[in-house]
Chemist: 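So that we are looking at the same thing, I have put the structure below in structure tokens.
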Amino acid sequence: MNLVLLGPPGGGKGTQAKRLQDKYGLVQLSTGDMLRAAVAAGSEVGKKAKAVMDAGQLVSDEIVIAIIDERLDQPDVAKGAIFDGFPRTVAQAEALDAMMGRKGKKLDFAIEIQVPDAYIVERITGRYTCAKCGAGYHDKFQLPKVAGQCDSCGGTEFSRRPDDNVDTVTKRLDAYHAQTAPLLPYYDKKGALKLVDGTMDIADVTKALEGILDAAK
Ligand code: AP5
Ligand code: MG
């Protein structure tokens with residue numbers, strides 16, 4: 001099974017992809033995580049992407065399409081992928097359709113996690129992750145069970161993304177509405193679009209997503 005998670009920055013794509021991947025044997029493919037890894041490694045792609053990401057704009061289609069094309073050839077994605085943050089433009093969606101066809105794979109559906117803009121600043125500015133294993137948390141909505149200690153690996157160091165600030169969030173939301181929202185009619189026309197209310201608690205959003213995935217098995 002291969003599916004796309006759509007939704008605004010801070011909408012819960014990464015949180016939900018991590019919760020679904022083990023249960024369904026799927027691999028989370030987050031272009032945001034891959035680009036942040038490239039920035040941290042100081043690679044050519046990372047050097048090109050850093051300023052664009054810090055400004056809350058989209059990295060070029062060419063770069064992200066090449067990253068996904070290469071990643072899809074690795075054996076761990078054979079059972080399926082959860083695309084998280086890709087595609088983000090109609091050109092990326094068309095490229096994904098073409099590369100899936102070339103590789104003998106099929107995209108089953110795209111699910112929009114619907115969250116109004118009014119929720120987003122609080123979601124983004126409260127987000128932090130474990131510096132060791134990447135598990136995600138939130139100052140108010142998703143605290144570790146033991147304060148200051150990661151539930152998954154016991155790590156005690158946490159980090160916040162440089163683009164998780166009020167100024168950049170506004171720009172990321174603008175980019176979402178202008179460049180990514182057109183993917184909703186794109187997938188709807190193919191009969192592939194499903195909707196989930198992303199304002200519910202994290203566990204309830206997961207249940208709604210599992211309902212869609214279970215029905216498709
Ligand atoms: P990316 O990393 O993809 O960022 P994004 O789309 O802005 O999405 P986020 O990761 O911020 O949000 P999310 O939906 O994953 O939310 P999360 O689950 O963490 O991209 C970063 C940048 O890279 C882009 O701006 C762009 O420059 C570049 N880029 C990446 N892909 C690209 C592409 N394809 N093309 C071009 N450029 C690209 O949740 C957020 C917080 O809320 C967490 O703290 C979580 O605990 C909490 N939370 C989650 N769900 C709930 C809930 N239901 N209730 C309460 N709290 C919740
Ligand atoms: Mg994310």
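Quick caveat, the model's predicted, so the values are computed rather than measured. Every number for a ligand or one of its atoms is a count from 1 in the order of the listing.
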Chemist: What's the shortest distance from atom 44 (O) of ligand 1 to any protein heavy atom, and which residue and atom give it?
Modeler: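 I find the closest protein heavy atom is Tyr137 O, 2.8 Å.
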Chemist: In the protein, what heavy atom is nearest to atom 49 (C) of ligand 1, and what distance, to one decimal place, separates them?
Modeler: Thr15 OG1, 3.6 Å
Chemist: Does one hydrophobic cluster hold both Met1 and Ile111, with members joined at side-chain heavy-atom distances below 4.5 Å?
Modeler: yes
Chemist: Backbone, side chain, both or neither: what part of Ser30 comes under 4.0 angstrom of ligand 1, heavy atoms only?
Modeler: neither
Chemist: Could you check which of Arg123, His138, Lys140 puts a non-hydrogen atom nearest to atom 57 (C) of ligand 1?
Modeler: Arg123
Chemist: Any N/O of Leu35 closer than 3.5 Å to an N/O of ligand 1?
Modeler: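 In this structure, Leu35 places no N or O atom under 3.5 Å from an N or O of ligand 1.
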Chemist: Any heavy atom of Gly198 sitting closer than 4.0 Å to ligand 1?
Modeler: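 So Gly198 counts as touching ligand 1.
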Chemist: Does Gln16 come within less than 4.0 Å of ligand 1, judged by its heavy atoms?
Modeler: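 Distance cut 4.0 Å: Gln16 fails for ligand 1.
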Chemist: Against heavy atoms of Pro9, which atoms of ligand 1 measure under 4.0 Å?
Modeler: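 Result: 5 (P), 6 (O), 7 (O), 8 (O), 12 (O).
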Chemist: For Asp33 and Gln28: C-alpha separation, side-chain torsions, deciding distance, then whether side-chain contact (heavy atoms from CB on, under 4.5 Å) applies.
Modeler: CA-CA 10 Å; Asp33 287 348; Gln28 174 193 14; 4.1 Å; yes
Chemist: For atom 23 (O) of ligand 1, what is the nearest protein heavy atom, given as residue, atom name and distance?
Modeler: Met53 CE, 3.4 Å
Chemist: Are any of the N/O atoms on Gln57, whether in the backbone or the side chain, positioned under 3.5 angstrom from an N/O atom of ligand 1?
Modeler: yes
Chemist: Counting each atom of ligand 1 from 1 as listed, which ones have a heavy atom of Gln142 under 4.0 Å away?
Modeler: 45 (C), 46 (O)
Chemist: Would you mind checking which non-hydrogen protein atom is closest to atom 16 (O) of ligand 1, with the distance to 0.1 Å?
Modeler: Gly12 N, 3.2 Å
Chemist: Would you check whether Gly11 reaches within less than 4.0 Å of ligand 1, judged by its heavy atoms?
Modeler: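 Yes, Gly11 has a heavy atom closer than 4.0 Å to ligand 1.
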Chemist: Please report whether ligand 1 has a polar contact with Gly14, defined as an N or O pair separated by less than 3.5 Å (distance criterion only).
Modeler: yes
Chemist: Please state which protein non-hydrogen atom is closest to atom 37 (N) of ligand 1 and give its distance, to 0.1 Å?
Modeler: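 Protein heavy atom at minimum distance: Val59 N, 3.1 Å.
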Chemist: Can you tell me which residue among Leu72, Asp84, Val4 is in a side chain to side chain contact (heavy atoms under 4.5 Å, CB included) with Leu29?
Modeler: Leu72
Chemist: Would one find an N or O of Thr199, backbone or side chain, under 3.5 Å from an N or O of ligand 1?
Modeler: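 Min N/O separation from ligand 1 is not below 3.5 Å for Thr199.
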Chemist: With only distance considered, is Arg36 within less than 3.5 Å of ligand 1 through an N or O on each side?
Modeler: yes
Chemist: Checking a contact table here: which protein heavy atom is nearest atom 53 (N) of ligand 1, and how many Å away?
Modeler: Met200 O, 2.8 Å
Chemist: Any idea which part of Ile202 is under 4.0 Å from ligand 1, heavy-atom wise: side chain, backbone, both or neither?
Modeler: both
Chemist: Counting heavy atoms only, name the option from Arg88, Lys13, Gln28 that's nearest to atom 1 (P) of ligand 1.
Modeler: Arg88
Chemist: Mind checking whether Arg172 has an N or O less than 3.5 Å away from an N or O of ligand 1?
Modeler: yes
Chemist: Heavy-atom contacts with Pro8 under 4.0 Å: which atoms of ligand 1 show up? List them by number with element.
Modeler: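 Atoms satisfying the 4.0 Å criterion: 14 (O).
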Chemist: Where is the nearest protein heavy atom to atom 10 (O) of ligand 1: which residue, which atom, and how far?
Modeler: Arg161 NH1, 2.9 Å
Chemist: Ligand 1 versus Ile124, non-hydrogen atoms closer than 4.0 Å: side chain, backbone, both, neither?
Modeler: side chain
Chemist: Could you identify the single nearest non-hydrogen protein atom to atom 19 (O) of ligand 1 and state the distance to 0.1 Å?
Modeler: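 Answer for atom 19 (O) of ligand 1: Arg127 NH1, 2.6 Å.
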Chemist: Test your reading of the structure: does Gly10 have an N or O sitting under 3.5 Å from an N or O of ligand 1?
Modeler: yes
